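Model, not experiment: these values are computed from the prediction. Below, chains carry the letters A, B, ... as their sequence lines are ordered, and counting in each starts from 1.
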Amino acid sequence: MSGFSAPHCGSLRASDEGRELELYGWVARRRDHGGLIFIDLRDRWGAIQVVFNPAHAPQAHTNASDLRSEYVVRVEGKVARRRPGAENPRMPTGEVEVVASDLEVISVAKTPPFAIEDDVEADEATRLKYRYLDIRRPKLTHNLELRHRVVQAIHRYMDAHEFMEVETPMLLKGTPEGSRDFIVPSRLHPGEFFALPQSPQQLKQLLMVAGIGRYYQIARCLRDEDLRADRVVEITQLDVEMAFCTEEDVFELIEGLWAKVWKDVLGIDIPTPFRRIDMRESLLKYGTDKPDLRFDLEIADVSDALRETGATVLRGALDAGGVVRCFAVPGGKDMSRRELDDLAVLARGAGAKGLAWAPGPLDRHLSEGEMAAIKSAAGAGADDIVLLVADRRRKAETVMGLLRREIARRRKLVRHGEWNFLWVYPMYLFEEDDLGNLTYGHHPFTSPWPEDMALLAERPYDVRARAYDCVLNGVEISGGSIRIHDRELQERVFGILGMDEERIGTQFGHLLDAFEYGVPPHGGIAAGIDRLMMAIVETDNIRDVVAFPKTQSHQDLMLGAPSSVDPKQLEELHIQVIPPEKPS
RNA sequence: GGUCCCGUGGUGUAGCCUGGCCAAACACGCGGCCCUGUCAAGGCCGAGAACGCCGGUUCGAAUCCGGUCGGGACCGCCA
């Protein structure tokens, strides 16, 4: 028996009428009328109704009464148009049905722990444990299929543009830079470790020195960091590097790529070029470096108007060198105190000292002029309410960004169906970390703007970077930069970042050495396929686009990983486990 | 590292604030019977949870308290 080349359940149409066939699939649903029995038979392509008629095939009908959900069966029969009035317009196969003449149960099934349907949401842990059942849900199957088609479109496009796919090693050298490495012990070198790639960053630059010129790879990258709704441990990224290019070449390539993907996969024409927004403008107006422009709610700075205010909660933050930011909620006058308190809880949860609103309890501490300035800056109308946060700049931005998204979600201000691509560009070479120290904004190989070179020593924070992020509907789908290709400049930047020569040598010596053997100017970009898919299927949960995701605590509930290993294996690796201290 | 939410039959919820009327309700699913055109099929009958786990308070706890485990959201972190 081979059903491999049998027709697909979900692919049958009116044009197949009269066809004698064998079908293989899972029983999605059974409707037993005593006389007639209907089943919906499901496979990856969809579902088709099969009808068992005792008058037509008594044995098949008898067998069919034993069918249960998720049994795997083989059906022999004939495709027939449904009788008039019995068509089901909600099913793509709804004009026809298969009249069964024979039925074979290939495999029986226990009752699944949750219904294999799109609208039934079971407990997350249960779904992850039985991921193979969750994937049977048409929605998830569809998402994985879309992902496949996106990746195929990417391959076609990159190949057409003469990019060469090159594989890079999984076992690399660890770096203290960036995110935490996953490390792999070396059996042959006791006490030494490989690191799994966070990205093939240095290797792709070395491929440019190697003269490959146009490189791409759909690569796995692993980062041992805490998870979020839009983060997984193992991400898949389209990694691209190109020689002799400028940012404009990268923009054009990637705009063309997304246009191609949208056209091929979704049949949608997206306009190019994408709009561009300065990183600082984005942080100010949208409170994030990945703004979602499917809704408005623009944030304004009202610090200057409130320098002398009597409202101490605002004044305190300003006197401490902070800022006051605000935005208007259209029609927000109707928000209840409870709703506003809810938002305040959210704001405090994100680290804000509090949330103010106007009109609100703060009114009596604000002068008429101050109130007018707030309303005007926020663009508030008579029915609107203005939300205000006073804090350190970065905190205020984070909180306002969070509130902006929350308000849009709650008040349904998101214009679904819009594809708002944009470039965040330029970005800035350096940022201040939590301790007030200077650190890199993108990564230490990013080239400064030539015009800003003079500022490197005096005002490093104002040095623009030749770095860019591509953002779609609030999701950062790719980011990259033009790299430094000059050994001296690279060393200078490392120096500004506070790295000493020895560290530069051990961490980046190979790259700097390579730059002495003829290096082309180069740059590139990496696109997160998981997040891209999130935007395409409009989900805010990355698990909807990954076949086998892990939990927030990095566990695979289906495989039971991680798990302990045989002591012999550890011995071979010269590894001793120190159990965590247990609080008594 | 931190904050918050959730954990009741196979699944989703109700009950928990205001302890006893809760060996716990409802829907779906599941099992049986009836039913020849349904497609969330329908009708009738039935089984199924001592309320994540441990401890405490109390005459009495699903309900209150502490801890713990698991899931999730967020801040930090993620170049």
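Not one side-chain nitrogen or oxygen of A/Arg127 sits closer than 4.0 Å to the OP1 or OP2 atom of B/rG71. A/Thr111 has no side-chain polar atom (N or O) that falls below the 4.0 Å cut-off from OP1 or OP2 of B/rG29.
For B/rG76, the base has a donor-acceptor partner in the side chain of A/Asp226 [N/O atoms by modelled type, under 3.5 angstrom]. For B/rC39, the base has a donor-acceptor partner in the side chain of A/Arg82 [N/O atoms by modelled type, under 3.5 angstrom]. A donor N or O paired with an acceptor N or O is not found under 3.5 Å between the base of B/rG72 and the side-chain atoms of A/Arg228. Between the side chain of A/Arg231 and the base of B/rC77 there is at least one donor-acceptor pair of N/O atoms closer than 3.5 Å.
If A/Asn53 and A/Lys550 are placed on RNA chain B by their nearest nucleotide, the residue sitting closer to the 5' end is A/Asn53. Heavy-atom nearest nucleotides on RNA chain B were determined for A/Gly35 and for A/Gly351, and the one closer to the 5' end corresponds to A/Gly35.
Across all strands shown, A/Glu124 has heavy atoms under 4.0 Å from sugar-phosphate atoms exclusively, and none from any base. Residue A/Lys395 is classed as a sugar-phosphate contact, given heavy-atom separations below 4.0 Å to backbone atoms only. Using a 4.0 Å heavy-atom distance criterion, A/Thr439 is classed as making no nucleic acid contact. Here A/Gly441 lies in heavy-atom contact (under 4.0 Å) with sugar-phosphate atoms only. Base contact: A/Glu97 has a heavy atom under 4.0 Å from a base atom. Nucleic acid contact for A/Ala86: base, since at least one base atom lies under 4.0 Å from a heavy atom of the residue. Within the 4.0 angstrom heavy-atom criterion, no nucleotide atom of any strand lies near A/Glu431. Using a 4.0 Å heavy-atom cutoff across all strands shown, A/Gln201 reaches at least one base atom of the nucleic acid. No engagement by A/Thr446 is indicated, since no non-hydrogen atom pair under 4.0 Å with the nucleic acid exists.
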Between the protein and nucleotides 40-42 of chain B, are there any N/O to N/O pairs under 3.5 Å, and if so, what are the atom names and distances?
| residue | atom | partner | partner atom | Å |
| --- | --- | --- | --- | --- |
| B/rA40 | OP1 | A/Arg90 | NH2 | 3.1 |
| B/rA40 | OP2 | A/Arg90 | NH2 | 2.7 |
| B/rA41 | OP1 | A/Arg29 | NE | 3.3 |
| B/rA41 | OP2 | A/Arg29 | NE | 3.1 |
| B/rA41 | OP2 | A/Arg31 | NH1 | 3.4 |
| B/rA41 | N6 | A/Asp32 | O | 2.6 |

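Judged by ring centres under 5.5 Å apart and planes tilted less than 30 degrees, A/Phe114 fails to stack against the six-membered base ring of B/rU11.
Distance check on atom P: B/rA27 versus B/rG46 gives 14 Å, rounded to whole Å. With both ends at atom P, the span from B/rC74 to B/rC44 equals 45 Å, rounded to whole Å. Using atom C1' as the reference point in both B/rC51 and B/rC64, the two lie 15 Å apart (nearest Å). Here, B/rC21 and B/rA62 have their C1' atoms 15 Å apart, quoted to the whole Å.
When distances run from any side-chain atom of A/Ser553 to the nucleotides B/rG71, B/rC75, B/rC39, the shortest one goes to B/rG71. Listed nucleotides B/rU38, B/rC75, B/rC78 differ in distance to A/Arg223; the shortest reach to its side chain belongs to B/rC78. Closest to the side chain of A/Arg543, out of B/rC78, B/rA73, B/rG70, is B/rA73. The side chain of A/Ser69 lies closest to B/rC30, out of B/rC75, B/rC30, B/rC77.
For A/Asp540, the CG atom counts as loosely surrounded, since its 6.0 Å shell holds 12 or fewer non-hydrogen atoms of other residues, nucleotides or ligands.
Atom CG in A/Leu343 sits about 14 Å away from atom C1' in B/rC74, given to the nearest Å.
Looking at A/Lys129, its side chain never comes within 3.5 Å of a backbone N or O of A/Asp556 through a donor-acceptor pair.
Between A/Glu241 and A/Arg483 there is a salt bridge, since a side-chain N of the basic residue sits under 4.0 Å from a carboxylate O of the acidic one.
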